[in-house]
Every structure is written in C-alpha cells, then in structure tokens.
Amino acid sequence: PEIVRPGETGLLVPSGDVDALTEALASLLESPARRREIGARAAEYAHANFSSRKAAEQVMEIYREILPARDSRQF
C-alpha cells in the first residue's frame, strides 16, 4: 500500500480476500488496454521514485543534513 497507487499503478485487495483478488485479476484479464496503462504508469512511477539515482540522491541529502557544512565541494 505504500507503493501502489490503487487503480493507477496497480490494484490492492485486502489480505486473504480471495473474492476481491479474483475480481481484480478478472478486471485486468478483461481489459488489455487497462493492463498496459497500469503497467506503464507503474514502470514510470518506479523509475521516478525508486531508481538507484533517486536512492543515491536521497542518501546524499541525508548526509548534507547531518554532516557539518565544512566545504560544500565535498558533496
């Protein structure tokens, strides 16, 4: 639930709810266009938010916040 945007980048169903899972899968099987759209949005979202570049930028931001600003050229 922290990553999936329901209906946009994927589908969420309650844990253990077989009927909800069956319904979600059936809706995707019935609509190839919807599958492609959700898949494309999910890939775009993942690349934008979870790439190695994004992770490195987030780590560097943490370092900038916690380390003394002696010489900004170090980062």
Side-chain angles (χ1 to χ4, degrees):
E2 295 83 18
I3 297 172
V4 175
R5 296 165 137 177
E8 186 177 332
T9 62
L11 301 176
L12 291 177
V13 296
S15 179
D17 189 338
V18 176
D19 291 333
L21 177 60
T22 301
E23 186 177 315
L25 291 173
S27 74
L28 293 175
L29 287 171
E30 293 169 359
S31 179
R34 185 167 185 229
R35 280 197 315 266
R36 282 191 297 275
E37 184 177 325
I38 287 176
R41 286 183 182 171
E44 182 180 310
Y45 183 76
H47 289 296
N49 294 285
F50 304 105
S51 68
S52 56
R53 176 181 287 278
K54 182 71 170 182
E57 289 171 359
Q58 291 171 335
V59 169
M60 291 306 297
E61 186 59 34
I62 291 169
Y63 285 150
R64 287 184 187 103
E65 290 176 11
I66 63 173
L67 294 176
R70 294 183 189 164
D71 183 355
S72 61
R73 292 177 292 154
Q74 292 177 351
F75 298 106

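Keep in mind that this is a model prediction, so the values were computed, not measured.
Note: Arg36 CZ to Leu28 CG = 12.0 Å, rounded to the nearest 0.5 Å. In this structure, CZ in Arg35 is found 10.0 Å from OG in Ser27, a value given to the nearest 0.5 Å. Atom CG in Leu29 sits 11.5 Å away from atom CZ in Arg34 (nearest 0.5 Å). Rounding to the nearest 0.5 Å gives a distance of 14.0 Å between NE2 of His47 and CZ of Arg53. Rounded to the nearest 0.5 Å, atoms CD (Glu44) and CG (Asn49) are 9.5 Å apart. From Glu61, atom CD reaches atom CD1 of Ile66 across 11.0 Å, with rounding to the nearest 0.5 Å.
Residues Val18 and Leu25 do not share a hydrophobic cluster, defined by chaining ILVMFWY side chains whose heavy atoms lie under 4.5 Å apart.
Pairing each heavy atom of Phe50 with each of Ile3, the nearest pair is CE1-CG2, 3.9 Å. Residue Pro6 comes nearest to Val4 through the heavy atom pair CD-O, 3.3 Å, listed as atom of the first residue, atom of the second, then distance.
No more than 12 heavy atoms of other residues, nucleotides or ligands sit less than 6.0 Å from atom CD of Glu23.
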